[in-house]
Amino acid sequence: MTKIGLIGLGTIGSGVVKILKENKTLITARTGTTIELKRVCDLDEKRAEMLGIRGIYSQNYKDLLNDPDISTIVEVIGGYEPARTIIIEAIRAKKNVVTANKAVIAKHGEEIFKAAEDNNVSIMFEAAVGGCIPIIKAIRESFAADKINRIYGILNGTTNYILTKMEEGLSYDQALKQAQELGFAEANPSFDVDGLDSAQKLKILSSLAFNAKIKDDILTWGITKINKSDIKYAKDLGYTIKLLAIAKEIDDEIELRVHPTMIPQTHELANIKNESNAIYLVGNNIDKAMLYGKGAGSMPTATVVVGDIIDIAKSSSITNYYSEEKKLKDINTITCRYYLRPNVLDKPGVFAMIADILGKNNISISGVSQKELGKDIVPITIITHNVRESDMMQAVDQINKLDVVKSKTVVIRIEDI
Ligand SMILES: NC(=O)c1ccc[n+]([C@@H]2O[C@H](COP(=O)([O-])OP(=O)(O)OC[C@H]3O[C@@H](n4cnc5c(N)ncnc54)[C@H](OP(=O)(O)O)[C@@H]3O)[C@@H](O)[C@H]2O)c1
């Protein structure tokens with residue numbers, strides 16, 4: 001019998017309570033282990049009452065940590081603090097910890113894993129990336145015999161939903177509103193739409209896949225500058241725009257970035273629609289593998305939280321995580337093809353001015369299109385050959401300063417995966 005303490009009775013915590021109750025017999029039959037919810041904690045007692053577990057409620061998390069019967073603490077409150085403190089205190093009290101908290105693992109993972117190792121307890125966090133997709137297990141266990149060298153992830157359901165709806169014809173604002181109405185986006189969506197959520201998840205995945213400590217910030221661009229016309233131009237060129245989290249390990253250097261990316265329409269990731277998540281791995285032996293599924297939601301996510309609890313109960317968890325210091329590639333030195341869309345005054349010589357700037361910054365153009373819209377301000381779409389990031393950023397800065405350029409140039413990197 002494994003006795004657990006659950007902290008946080010919100011979306012995920014309430015799902016954990018339901019699964020432990022409804023699937024109790026199934027879990028015992030499948031695992032040979034009984035899991036008992038010994039105590040729960042939340043800021044609001046009413047949540048425990050609504051779940052029919054008022055009798056095991058406590059408002060102070062320390063009551064759970066001080067209970068000698070409890071061997072595993074489940075933290076599903078989210079955020080940095082007090083989640084970090086609770087996790088560290090739980091570990092020091094010799095409790096195993098299960099968390100779904102990407103923020104705390106991305107920022108404080110090293111401290112937490114070290115504490116777990118020192119105290120000989122497990123820390124499990126499958127639900128922190130990709131909701132119910134067992135990507136942590138795939139990297140840590142199933143593919144442990146391979147060297148993963150590339151990760152391409154659609155790690156945020158909100159932005160994937162918005163981009164899918166924009167492909168279907170909605171504007172960014174309409175798609176965001178729809179996502180909010182359906183509960184896929186927060187009232188303040190910036191954490192998702194600015195790419196920060198994906199960046200936290202990418203840090204966790206790349207740390208595990210490359211066995212690396214990643215402390216620095218990574219290049220993170222969101223989707224707010226993409227408009228319907230970019231989606232259409234991409235489609236005409238045979239591409240789909242996705243908010244892609246990209247990690248590569250090349251010659252002991254790690255390249256990490258999150259940004260809207262044009263990928264070929266024929267690629268498996270291009271068909272990941274709506275709020276779904278997917279992670280595409282490339283390894284020396286496995287070649288390519290893609291995991292796909294619901295990246296959020298109470299019951300899907302709570303299922304893998306309970307899966308972590310079961311792993312601990314069966315003593316099949318892993319304690320030592322990433323350890324090596326590895327060099328993060330200077331983002332200015334990466335090279336890729338780019339899509340550019342400056343909106344310019346429709347008059348002779350404008351394209352020549354832009355082409356001149358590109359040429360002077362070592363950028364060669366592979367394709368250009370300018371639609372005749374009969375308006376004063378028109379978009380020019382430009383596709384480049386492989387270009388160094390620093391050259392491109394310098395050129396874009398110079399293009400944006402031209403009087404004839406009327407709004408900031410939209411820049412989308414192209415990955416021919
Ligand atoms: N929702 C998803 O689909 C999903 C998917 C994957 C991972 N996750 C992760 O799972 C975690 C939980 O997410 P969630 O959606 O379940 O959040 P949530 O619905 O906001 O639930 C969090 C619960 O914890 C309570 N809480 C906050 N601070 C507390 C404290 N100091 N002590 C005790 N209880 C406290 C909250 O109470 P108040 O509401 O009163 O603050 C709330 O009831 C997060 O780390 C999130 O990133 C969520």
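Quick caveat, the model's predicted, so the values are computed rather than measured. We count ligands from 1, going down the list as the structure has it; atoms in each ligand are counted the same way.
Put simply, atom 40 (O) of ligand 1 has protein non-hydrogen atoms near it, under 4.0 Å away.
Thr301 and Gly131 get closest at one heavy-atom pair: OG1-CA, 4.0 Å.
Between Asn160 and Lys273, the side chains place no donor N or O within less than 3.5 Å of an acceptor N or O (distance only, hydrogens not considered).
Closest protein heavy atom to atom 21 (O) of ligand 1: Gly10 CA, 3.2 Å. For atom 35 (C) of ligand 1, the nearest protein heavy atom (residue, atom name, distance) is Ile77 CG2, 3.4 Å. When only non-hydrogen protein atoms are considered, atom 30 (C) of ligand 1 lies nearest to Leu43 CD2, 3.6 Å. Nearest non-hydrogen protein atom to atom 47 (O) of ligand 1 is Lys102 NZ, 3.4 Å. At the top of the distance list for atom 22 (C) of ligand 1, counting protein heavy atoms only, stands Val76 O, 3.6 Å. Closest to atom 43 (O) of ligand 1 among all protein heavy atoms lies Asp42 OD2, 2.7 Å. The single protein non-hydrogen atom nearest to atom 8 (N) of ligand 1 is Ala100 O, 3.9 Å, given as residue, atom name and distance. Closest to atom 44 (C) of ligand 1, if we only count protein heavy atoms, is Gly78 CA, 3.5 Å.
A salt bridge (charged side-chain N to carboxylate O under 4.0 Å, His left out) check over residues 51-71, counting only residues at least two apart or in different chains, returns the pairs Lys38-Asp67, Lys38-Asp69, Glu45-Arg54, Lys62-Glu89.
Heavy-atom distances between Gly131 and ligand 1 stay at or above 4.0 Å for every pair. Within the structure, ligand 1 has Thr301 among the residues with a heavy atom less than 4.0 angstrom away.
In Pro82, the part holding a heavy atom less than 4.0 Å from any atom of ligand 1 is the side chain.
Checked against a 6.0 Å centroid threshold, the rings of His267 and Tyr152 do not count as neighbours. Checked against the 6.0 Å centroid criterion, the rings of Tyr280 and Tyr292 do not qualify as a close aromatic pair.
The CZ atom of Arg257 sits 10.5 Å away from the CD1 atom of Ile218 when rounded to the nearest 0.5 Å.
Which parts of ligand 1 touch Ala127 is read off a 4.0 Å heavy-atom cut-off, strictly below it: atoms 6 (C), 7 (C).
Comparing Asp197, Val304, Val129, Thr11 by heavy-atom distance to atom 19 (O) of ligand 1, the nearest is Thr11. Distances from atom 13 (O) of ligand 1 to the heavy atoms of Ile7, Thr85, Ile12 put Ile12 nearest.
Between the Tyr233 side chain and the Ser369 main chain, no donor and acceptor come within less than 3.5 Å of each other. Between the side chain of Asp308 and the backbone N or O of Glu126, at least one donor-acceptor pair lies under 3.5 Å. Between the Asn101 side chain and the Ala103 main chain, a donor and an acceptor come within less than 3.5 Å of each other.
Among residues two or more places apart in sequence or in another chain, the salt bridge (Lys or Arg N to Asp or Glu O under 4.0 Å) test is passed with Arg413 by Glu389.
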